[in-house]
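What follows is a set of notes on a single structure, which appears directly below.
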Amino acid sequence: MSPALSLTAIGLVVVATIGIGLFGLRISRTTSDFYVASRAVSPRWNASAISGEYLSAASFLGVAGLVLVNGADMLWFSVGYTVGYLMLLVLVAAPLRRSGAYTLPDFAETRFESPVVRRICAGLVVGIGTLYLLPQLHGAGLAVQTVTGAPPEVGAMIVAVIVVINVAAGGMRSITFVQAFQYWLKLTALATPIFVILLVWHQPVGVLDSLHGAAADWAEPLSRAGGRDHPLYATYSLLLALCFGTMGLPHVLVRFYTNPDGRAARRTTVVVLALLGLFYLFPPMYAVLGRTFAPDLVSAGGDTVVLELPGRVFPGTTGDLLGALVAAGAFAAFLSTSSGLTVAIAGVIDQDLLRSRLHRWTGGDYVAVNSFRIAALIAMIVPYLAFTVTGALSLADTVGLAFALAASTFCPLLVLGIWWRRMSTTGAAAGLVVGGIAASAAALVNVSGAPQGGWPRALVGQPAAWTMPLAFLTVIVVSKLTPDRIPAGTARSMVRLHTPEAVDVDRGLPYR
Amino acid sequence: MSDMRDRDLTTYRDVQLSPDFSELRRRFRRFVFPMTALFLVWYFVYVLLADYAHGFMSHKIGGGNITVALLFGLGQFVSTFAITMIYVRWADRRIDPDAEKLRHQIEGAPQ
């Protein structure tokens, strides 16, 4: 691998990201531009941007690494990442758009008329976002380390600084352009080496055959390869987390507001599913090829297989060029996901924690956009500090925990909040707290060193299968016990959520 | 001001109680919930088959390296996409027109 070439490629991605971001700054003027790109993004652009934002370090590096180490079961990561969008689309996308809320805390407050529930949601958004940003920083550290041998802090710092600059400068509008560009960059970077390899060999089937002898149990489903016990439970739990967690990811939801209307939002989702499906064809191929060409990476955790494979297959210039391309794609993944997350977290920090305080301190003498910029800085500092104190868990596993936390908190809040009239405010708060504590306890145990095997490891490693039902149950039981705490405006909320957007009912839009 | 609010509230309650609104909600629920359950079952059954119906899943088709498991696996992506297409077409056809009708009802005459 040639460090100079790879660093040049990474540099180009960084320059392009900042360049497009600055271009966005010139046309980003109002608060609505900052938060939702003035709701004027066409489905195709938006779908590219959504996919670009969604395909993180976990998808670009992590899935291939997990499949390399643990075998075929890990393919569920890619299926689950995709299916989550379908759940989001059919269950919550349309009602949530109609609610007029830009963020999850906004939704919680309008639906449950409670500042307490709102504050819990704000805390959860920051928690989920931090858990999701963490593997992006780890991935960046790993990539720079693989390419140059520099310590992981360097890569993480580069990503953190660029993201804060870009987000603070342009808000959502510039991020949309940046991310649409980055989807196509990522796809090209991941697909090209595979095509070159297949082209050079003419006989890809030979590789698959060599696999049957060497690592038969690895290719079997539910095989416990890589030392994961109770594969059936773990697979189901992972599927649940990914299916129901996507709807609670802060950076995903806000994307549905950048469409001009509900019809466009549906179109966008169809394109997103096609783009994601296309992308996820490639990581497993890296894993399969990695079993043949880089078996030594299995014991190292596997997260670098995508970066190292081109150099292993083609020692020499071809490998260097392809390696540089892949490194550039990986950086696009870190930058785009981190940008989207930072916009979402900053929006919540800005509205719920910062603005009222700034108002008090300065006596109203501040600019709203500056408050957002300070919030963007805070949104990145927290995960960076977490990065410096936590050990490197597998990238895709950490992201899986963020999904589990979202599935155990926002999923019950949204699904029951949208469809169940008898949900009480106390029930909502209790569900968020119980699901949130259970899932984040599991996440903390994992990040700081998981138990070594058997049921404890399975239950803590993939918590969604018990934390999510627990949260749903808590909401239902507590709501039944506290019927007097059903929000007075439930009838109004239900009409708002279920009548078409074109109807001019008061939706309490904050930034119009 | 309070007069406005009262009138608004009555409108909301009327809509909530109106047969058209409950019909719209019911239709949405009757389509979306079974559909969600169905495709979740399909994913979960795939995992079960992989574990317990080993012979069936590793059955080779056409003598090559293509197994039933591989086809079903690819089918996961294809079916996800198909379900989305079905939902979008259904929503365009069955939800949007009635929603439009409801809108005219709330806002008065069509504009």
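Here is the naming used below: chain letters follow the sequence lines, and residue numbers restart at 1 for every chain.
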Segment of A:Y85 engaging chain B (4.5 angstrom heavy-atom cut-off): neither
When rounded to the nearest 0.5 angstrom, what distance separates [atom1] in [X] from [atom2] in [Y]?
X	Y	atom1	atom2	result
B:I83	A:L89	CD1	CG	11.5 Å
B:F33	A:L91	CZ	CG	6.5 Å
B:L40	A:F244	CG	CZ	4.5 Å

Mind running side chain to side chain contact (heavy atoms under 4.5 Å, CB included) on B:F81 and A:L86 for me, showing each step along the way? CA-CA 9 Å; B:F81 197 72; A:L86 183 52; over 6 Å; no
Of A:L273, A:T82, A:V90, the largest count of non-hydrogen pairs under 4.5 angstrom with chain B goes to A:V90
Max heavy-atom pairs within cutoff under 4.5 Å with chain B, candidates A:C243, A:A274, A:G277, goes to A:A274
Can you check whether anything in residues 84-91 of chain B gets within less than 4.5 Å of chain A, heavy-atom wise, and list it by number? B:T84, B:M85, B:Y87, B:V88, B:A91
Contact origin within B:F31 toward chain A - heavy atom pairs under 4.5 Å: neither
Given the rule in the side chain to side chain contact (heavy atoms under 4.5 Å, CB included) test, do B:Y43 and A:T235 qualify, once you have shown the distances and angles that lead to the verdict? CA-CA 11 Å; B:Y43 294 120; A:T235 307; over 6 Å; no
Between A:R267 and B:D92, does a side chain to side chain contact (heavy atoms under 4.5 Å, CB included) hold up when you go through it step by step? CA-CA 10 Å; A:R267 295 267 172 283; B:D92 284 354; 2.7 Å; yes
